[in-house]
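I have placed the structure first, in the form of structure tokens, so that the comments after it can refer back to it.
Numbers for residues simply follow the sequence, beginning at 1. Model, not experiment: these values are computed from the prediction.
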Amino acid sequence: DEKDYIPESERPKAVFWARVHMALYAVAAAATIWMLATGLGWRAAIPFLVIGGPRIYGCWHMVMTGLLQHGGLAEDVLDHRLNSRTVYMNPVTRWLYWNMNYHVEHHMFPMVPCHALPKLHAAVKADTPPVYPSTLAAYAEILPALVRQTRDPAYHVVRPLPQQA
């Protein structure tokens, strides 16, 4: 797939950096195995947790939250309330996600720092579409929309806007 978007002149660099990453993972795996063999207990997992682990235990979270932002919504519209969504999430996910669950607000006012997005949300809530009460509620809308878009690429979820907005 990379041949479709990496120019031929850049492929040696891509191969080099892929090999560097694989070498780092190999060093982390070797260090973990060595530390296990020396009897360091739970500390033996540190190389894995720091070097290779985030790819395994963190990427699913990035994909899950990333799809919530715009999945199934309209594209190329000027009103950000129609092409992004706000979803209420638990405090840990909000922290890991830097409050980007307030995504409509983030697009409306991109210069507002992530720590201020909850206050911004409270201030503009009356002018935004209804907030999804949970990740599951948002995915209940997203997944059928994505399935339908495989047959009808022009289809998108239409978010209702408040009348006074």
Side-chain angles (χ1 to χ4, degrees), residues 1-11 13-14 17-18 20-21 24-25 28 45-46 48-165:
D1 290 343
E2 287 80 5
K3 288 181 181 180
D4 291 341
Y5 58 85
I6 296 178
E8 186 135 3
S9 62
E10 298 297 313
R11 288 185 192 152
K13 288 183 200 173
W17 286 109
V20 167
H21 280 118
L24 288 172
Y25 294 149
I46 290 174
F48 169 76
L49 292 173
V50 174
I51 307 270
R55 283 295 250 183
I56 296 169
Y57 58 76
C59 281
W60 70 269
H61 191 269
M62 180 186 69
V63 172
M64 177 198 72
T65 53
L67 190 56
L68 288 171
Q69 296 173 354
H70 305 282
L73 296 172
E75 295 180 12
D76 298 325
V77 294
L78 295 176
D79 191 338
H80 295 296
R81 299 172 301 172
L82 300 174
N83 71 353
S84 56
R85 63 174 53 85
T86 291
V87 181
Y88 289 138
M89 297 179 174
N90 67 66
V92 173
T93 298
R94 277 199 333 261
W95 180 78
L96 289 171
Y97 194 34
W98 288 28
N99 281 326
M100 282 296 125
N101 58 302
Y102 299 107
H103 213 65
V104 171
E105 297 80 357
H106 162 69
H107 277 282
M108 290 173 72
F109 302 97
M111 297 303 290
V112 172
C114 62
H115 64 83
L117 286 172
K119 286 183 182 177
L120 175 62
H121 168 70
V124 300
K125 187 176 179 180
D127 293 321
T128 62
V131 178
Y132 294 85
S134 68
T135 302
L136 288 177
Y139 269 103
E141 177 182 82
I142 294 169
L143 294 177
L146 294 179
V147 169
R148 185 164 171 189
Q149 285 177 342
T150 62
R151 294 184 305 272
D152 179 9
Y155 173 78
H156 60 272
V157 173
V158 177
R159 298 297 321 267
L161 295 176
Q163 288 183 346
Q164 76 277 11

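What you find for Val87 and Ala138 is that their closest heavy atoms are CG2-CB, 4.0 Å. The two residues Pro129 and Arg81 make their nearest non-hydrogen contact at CG-O, 3.4 Å. Taking all atoms of both residues into account, the shortest heavy-atom contact from Ile142 to Leu67 is CD1-O, 4.0 Å. Heavy atoms only, all atoms of each residue included: Leu146 and Gly72 are closest at CD2-N, 3.8 Å. The minimum heavy-atom distance linking Ala116 with Val112 is given by the pair CB-CG1, 3.7 Å. Taking both residues in full, the closest heavy atoms of Asn83 and His70 are given as O-ND1, 2.5 Å, listed atom of the first, atom of the second, then distance.
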### Task
Apply side chain to side chain contact (heavy atoms under 4.5 Å, CB included) to Gln69 and Tyr97, showing your working.
CA-CA 11 Å; Gln69 296 173 354; Tyr97 194 34; 2.9 Å; yes

#### Entry: Stepwise side chain to side chain contact (heavy atoms under 4.5 Å, CB included) check, Gln149 with His156
CA-CA 7 Å; Gln149 285 177 342; His156 60 272; 4.2 Å; yes

### Worked check of side chain to side chain contact (heavy atoms under 4.5 Å, CB included) between Trp98 and His106
CA-CA 11 Å; Trp98 288 28; His106 162 69; over 6 Å; no

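Arg159 places a side-chain N or O within donor-acceptor distance of the main-chain N or O of Pro130, the cut-off being under 3.5 Å. At least one donor-acceptor pair under 3.5 Å links the side chain of Gln164 to the backbone N or O of Ala126. Without hydrogens or angle criteria, His80 side chain to Met108 main chain gives no donor-acceptor distance under 3.5 Å.
Looking at residues two or more places apart in sequence or on another chain, you find a side-chain contact (heavy atoms from CB on, under 4.5 Å) between Val147 and Arg151. Annotation: side-chain contact (heavy atoms from CB on, under 4.5 Å) contacts of Val92 (sequence neighbours excluded): Asn90, Leu96. Applying the side-chain contact (heavy atoms from CB on, under 4.5 Å) rule to Pro7 yields the partners Ser9, Glu10; only residues at least two apart in sequence or on another chain are considered.
Atom CD1 of residue Ile46 and atom CD1 of residue Ile51 lie 11.5 Å apart, to the nearest 0.5 angstrom. Distance NZ/Lys3 to CZ/Arg11: 6.5 Å, rounded to 0.5 Å. For the atom pair CG (Leu82) and CG (Asp76), the distance works out to 12.5 Å, reported to the nearest 0.5 Å. Between Cys114 atom SG and Asn101 atom CG the span is 11.0 Å, to the nearest 0.5 Å. Put simply, CZ on Arg55 and NE2 on His21 are 8.0 Å apart, with the number rounded to the nearest 0.5 Å. Note that CZ of Arg94 and CE of Met100 are 13.0 Å apart. Values are rounded to the nearest 0.5 Å.
Side chains of Thr128 and Glu105: a donor-acceptor N/O pair is absent below 3.5 angstrom, by distance only.
Between Tyr102 and His121, the angle of the ring planes lies from 30° to 60°, which puts this pair in the tilted group.
The side-chain heavy atoms of Leu68 and Tyr132, taken from C-beta on, include no pair separated by under 4.5 Å. Residues Thr93 and Thr135 form no side-chain contact, since every pair of their non-hydrogen atoms from C-beta on lies 4.5 Å or further apart.
The environment of NE2 in His61 is crowded: more than 12 heavy-atom neighbours from other residues, nucleotides or ligands sit within 6.0 Å.
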